[in-house]
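Ligands are counted one by one from 1 in listed order, and the atoms in each one are counted from 1 as well. FYI, the numbering just counts along the sequence from 1.
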Amino acid sequence: MKRKFGIDIDGTVTCPATIVPYLNEAFHLNLTFDDFKEYDWLQVIDVSENEFNDWYLRNEANIYMESPLASGAKEVLLEWGRDHDLVFISARGEELLQITKDWFIRHGLPYHHIELIGTHQKVEAAKKYAVEIFLEDKYDNAIDIYNHCHIPVILFNTPYNQGPLPNKIKRVFSWKEAKIWVDKWISH
Ligand SMILES: [Mg+2]
């Protein structure tokens with residue numbers, strides 16, 4: 001049966017540690033991925049909000065172009081993309097759509113639709129596209145989507161998304177594990 005997937009991009013399809021070397025270089029830090037216990041990078045680095053936002057606006061396009069894939073993501077997405085609709089729903093700004101599509105094409109990733117909503121409020125988009133399952137890396141997004149859409153959510157484990165989860169949100173440690181869980185869900 002054909003299913004409709006909602007899938008986050010950054011930290012889910014892209015490697016969640018992507019930002020670390022950029023921050024280290026820009027702000028002369030020596031952080032490791034394990035230091036990122038908060039989703040909000042400003043809680044981790046000691047830089048003013050203005051300085052950080054200036055830097056981010058100047059660099060985000062480049063970071064998104066160069067982001068490495070999350071380990072194992074491509075193989076799984078290629079397989080799901082053959083039988084199902086993959087709708088990517090991201091907090092990136094709409095102006096980054098071309099860069100984002102180019103990145104998908106360059107990496108040979110299938111997509112049915114890419115929706116850049118420019119905000120972390122993903123519930124509306126998840127409802128609009130009637131996705132039946134969601135894959136995320138942001139803890140409060142996972143909780144929100146589950147609470148408002150009543151669909152299973154896969155949360156890719158990272159240092160910044162720890163916390164208790166309801167039963168219908170499945171924490172996974174790899175794309176391989178996600179595939180096993182989702183394939184079982186599809187077959188039921
Ligand atoms: Mg994300």
message: Restricting to N/O/S atoms, is Asp10 within less than 2.8 Å of the Mg ion (ligand 1) or not?
response: yes
Salt bridge flag under 4.0 Å for residues Lys37 and Asp35: no
- prompt: Nearest to the Mg ion (ligand 1), which N, O or S atom of Asp137 do we find?
  reply: OD1
- prompt: Closest to the Mg ion (ligand 1), which N/O/S atom of Asp8 is it?
  reply: OD2
task: Report yes or no: is the cationic atom of Lys168 (NZ for Lys, CZ for Arg) closer than 6.0 Å to the six-membered ring centre of Tyr146, at no more than 45° off its axis?
output: no
- prompt: Does a donor on one side chain and an acceptor on the other come within less than 3.5 Å for Tyr129 and Glu115?
  reply: yes
query: Looking at Asn147, Ile145, Leu165, which hits side-chain contact (heavy atoms from CB on, under 4.5 Å) with Val153?
result: Ile145
